[in-house]
2 protein chains.
Amino acid sequence: MSTINPYDVVPKYYQLANILKQKILEGEWQPRTLIPSERALEAQYNISRTTIRQAIDHLEKQGFIYREHGRGTFVSPQKLQKGLQELTSFSEDMLGRNIQPGQIIQSIERLTPPEDVLQRLELPPDAKVLRVERVRLGDDIPIGLQTSFLKLAEHQIITREDLETAGSLYRILQDKFNIIPTEADETLEVTLATPHEASLLQIKPGAPLLLSERLLYNQNREPVEFVKILYRGDRYRYLIRLTR
Amino acid sequence: MSTINPYDVVPKYYQLANILKQKILEGEWQPRTLIPSERALEAQYNISRTTIRQAIDHLEKQGFIYREHGRGTFVSPQKLQKGLQELTSFSEDMLGRNIQPGQIIQSIERLTPPEDVLQRLELPPDAKVLRVERVRLGDDIPIGLQTSFLKLAEHQIITREDLETAGSLYRILQDKFNIIPTEADETLEVTLATPHEASLLQIKPGAPLLLSERLLYNQNREPVEFVKILYRGDRYRYLIRLTR
DNA sequence: AATATTAACTGGTAGTGACCACATGACAAC
DNA sequence: GTTGTCATGTGGTCACTACCAGTTAATATT
């Protein structure tokens, strides 16, 4: 069994949460069963109840456990499809489904985007953004057509090499420009493929597509990216977990 | 200004959260501006920092504010589209968009559903469920075709009257059967309308539809309802907020 | 046997005190 | 001017303590 170090860069509650999570993932604690009470854990790990509760809070938010006042804390029964409702990049999304992500870069250009994109990015009418167009692949099959509009200064460049090596655009934003995605608003709707889109996605013109439009905010809640992804209707399904 | 009662059924942190929320909604605290520090609020309201933090935790989770370590706590700038990522019924969804929800009840029947529905509801092969078919309206225009499969005992009946008076199915589940929806897994994908679906939705056969499939869990994390909604592609757009 | 009471659990709320980690601006040193 | 140091203010973590609020089962009462 792992132990908890009293002084570390990693908070105690976080370490504890991982220990408990482990017990669930490894099956030591079965779904629907009661886990030790907060007072019991307090004694067992010699950690204050404050910290115990903080750890359990995290696990509850992540959907591993649920609490019932007066009865106890239980392991969630659901074969948890990890981190739905979480902000993920296309690559992360694919990896979560055990599909190998890939991409064909169509273009990287600095230009003035359509009016509606400027508005959402809170930019003046003549501003320029970096547009990145890619066909996204899953296990080498076209899944979606992705167009990103990035609010970046003129000297902030993203190259083909950046994209090819990093794979994920979020990685680049974080490492190269210190932009950390924290939140996004997304809409989903249905459209039909234009001939151009159809040829890129290797489907028939007029085939149904799932259109996702996502406005991404950085750590200061400023919009930094507007992304459109046209998903092939026959090869993609959107998953979320909702809570009340 | 409101005051905080020391002893009440309503927790202090909850009352405080509402007071702070009010200040944001009424515009007293403008977006992006710093709100008083936790120590300042502690002094101002004569509440311990523990409780202050608990209130702020809630507001942060709801997206009203965000914190930056070492800098302070700020009001979120976003014209918050309330409670996305939250579990809502069709009626609640519509009301949140300022659209009047409505329904045409097609049928209410007790029957054995398709195999896949039984499996998701964790029922044996011969089990029966209550199926409710409705055309859902928004401002009197057909928006979606909704089919609910409810895991209910034989004596647990839902009548047309129940549905017509309550409006929301969730209301009925809660009031009549003490089933409280707490969580759901949802998938979204694209399909094309069959002639039958098209006629009910008043669109052309083959028109693109957004198909939502939702498995709803009760307070004990048991599946209680499986709902399919076929949304008209031209009249419905799905909204969510994602966080990281 | 049925019903009411109670004791002993559970998680939930609240206060106090202490210190850590990060950000920032004032100020000293160069 | 530039750079480095440091004091101060912010949120983050943690311990200890106390009591409130549901749940349950044993027990007493009828």
Side-chain angles (χ1 to χ4, degrees), chain A residues 3-20 29 32-61 64-76 174 178 180 182 218-221, chain B residues 3-20 29 32-61 63-76 178 180 182 218-221:
Chain A
T3 52
I4 292 189
N5 305 316
Y7 247 18
D8 208 329
V9 197
V10 185
K12 247 185 193 177
Y13 76 86
Y14 192 82
Q15 297 179 47
L16 177 62
N18 279 329
I19 291 175
L20 303 184
W29 287 350
R32 298 202 168 286
T33 59
L34 202 57
I35 75 170
S37 77
E38 298 175 354
R39 271 108 176 161
L41 291 170
E42 192 178 2
Q44 180 178 351
Y45 290 99
N46 198 26
I47 293 179
S48 80
R49 195 169 155 225
T50 316
T51 305
I52 303 280
R53 279 185 65 78
Q54 207 173 349
I56 292 183
D57 280 347
H58 265 241
L59 293 178
E60 188 181 27
K61 202 159 63 179
F64 287 101
I65 57 169
Y66 61 98
R67 300 199 252 218
E68 292 189 33
H69 190 176
R71 306 223 309 131
T73 303
F74 304 83
V75 177
S76 291
Q174 191 157 344
N178 197 32
I180 301 170
T182 54
N218 69 5
Q219 61 269 45
N220 295 319
R221 267 58 182 179
Chain B
T3 53
I4 293 187
N5 306 316
Y7 245 22
D8 206 331
V9 197
V10 186
K12 248 184 192 178
Y13 77 86
Y14 192 81
Q15 297 179 47
L16 177 62
N18 279 329
I19 292 176
L20 303 184
W29 288 349
R32 298 199 169 287
T33 58
L34 202 56
I35 76 169
S37 76
E38 297 176 355
R39 272 113 177 155
L41 290 171
E42 192 178 3
Q44 180 179 350
Y45 290 100
N46 198 27
I47 293 179
S48 79
R49 194 167 157 227
T50 316
T51 305
I52 303 281
R53 280 184 65 79
Q54 209 173 347
I56 293 183
D57 280 348
H58 265 240
L59 293 177
E60 188 181 27
K61 202 159 64 179
F64 287 101
I65 58 169
Y66 60 98
R67 299 200 252 218
E68 292 191 33
H69 191 176
R71 304 223 309 132
T73 304
F74 304 83
V75 178
S76 291
N178 196 32
I180 301 170
T182 54
N218 69 4
Q219 61 270 44
N220 295 319
R221 266 62 180 178

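Lettering follows sequence order; numbering is per chain, from 1.
Distance check, rounded to the nearest 0.5 Å: OG1 of A/T73 to CG of A/L59 gives 10.0 Å.
Take B/T51 and apply the side-chain hydrogen bond (donor to acceptor under 3.5 Å, both in side chains) test, not counting sequence neighbours, and it matches B/S48. With sequence neighbours excluded, no residue satisfies side-chain hydrogen bond (donor to acceptor under 3.5 Å, both in side chains) with A/T182. In this structure A/R67 satisfies the salt bridge (charged side-chain N to carboxylate O under 4.0 Å, His left out) test together with A/E38, A/D57, A/E60, sequence neighbours excluded. Partners of B/R32 according to the salt bridge (charged side-chain N to carboxylate O under 4.0 Å, His left out) rule, which considers only residues two or more places apart in sequence or in another chain, do not exist here. In this structure, the side-chain hydrogen bond (donor to acceptor under 3.5 Å, both in side chains) partners of A/E68, at least two apart in sequence or on a different chain, are A/R71. Evaluation of the salt bridge (charged side-chain N to carboxylate O under 4.0 Å, His left out) rule for A/R39 yields no partner, not counting sequence neighbours. Judged as a side chain to side chain contact (heavy atoms under 4.5 Å, CB included), and not counting sequence neighbours, the contacts of B/A40 are B/P36, B/S37.
Rounded to whole Å, atom C1' of C/dG11 lies 16 Å from atom CD of A/Q54. The OH-P distance, from A/Y13 to C/dC20, rounds to 18 Å in whole Å. Spacing between atom CZ of A/R39 and atom P of C/dG12 amounts to 10 Å, rounded to whole angstrom units. Here C/dA14 presents its P atom at 10 Å from NE2 of B/H58, a figure rounded to the nearest Å. Separating the CZ atom of B/R53 from the P atom of D/dA15 is a distance of 15 Å, rounded to the nearest angstrom. One interatomic measurement links the two molecules: OH of A/Y66 to P of C/dG12, which rounds to 14 Å at whole-angstrom precision. Regarding A/L41, its CG atom lies at a distance of 15 Å from the C1' atom of C/dC9, rounded to whole Å. We find that CD of B/E68 is positioned 15 Å from C1' of C/dA21, with the value rounded to whole Å.
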Below 3.5 Å between N/O atoms, which protein atoms pair up with nucleotides 15-17 of chain C? Just atom names and distances, please.
residue	atom	partner	partner atom	Å
C/dG15	OP1	B/K12	NZ	2.5
C/dG15	OP2	B/S48	N	3.1
C/dG15	OP2	B/S48	OG	2.9
C/dG15	OP2	B/T51	OG1	2.7
C/dG15	N7	B/T50	OG1	3.3
C/dT16	O4	B/T50	OG1	3.3

For nucleotides 22-25 of chain C, which of its nitrogen or oxygen atoms have a protein nitrogen or oxygen under 3.5 Å away, and what is each distance?
residue	atom	partner	partner atom	Å
C/dT24	OP1	B/R71	NH1	3.0

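Taking the six-membered ring where the residue is Trp, A/Y66 and A/F74 present parallel rings, their angle staying beneath 30° rather than reaching 60°.
Comparing A/Y14 and B/E38 by the nucleotide of DNA chain D whose heavy atom lies nearest to each, the residue mapping closer to the 5' end is B/E38.
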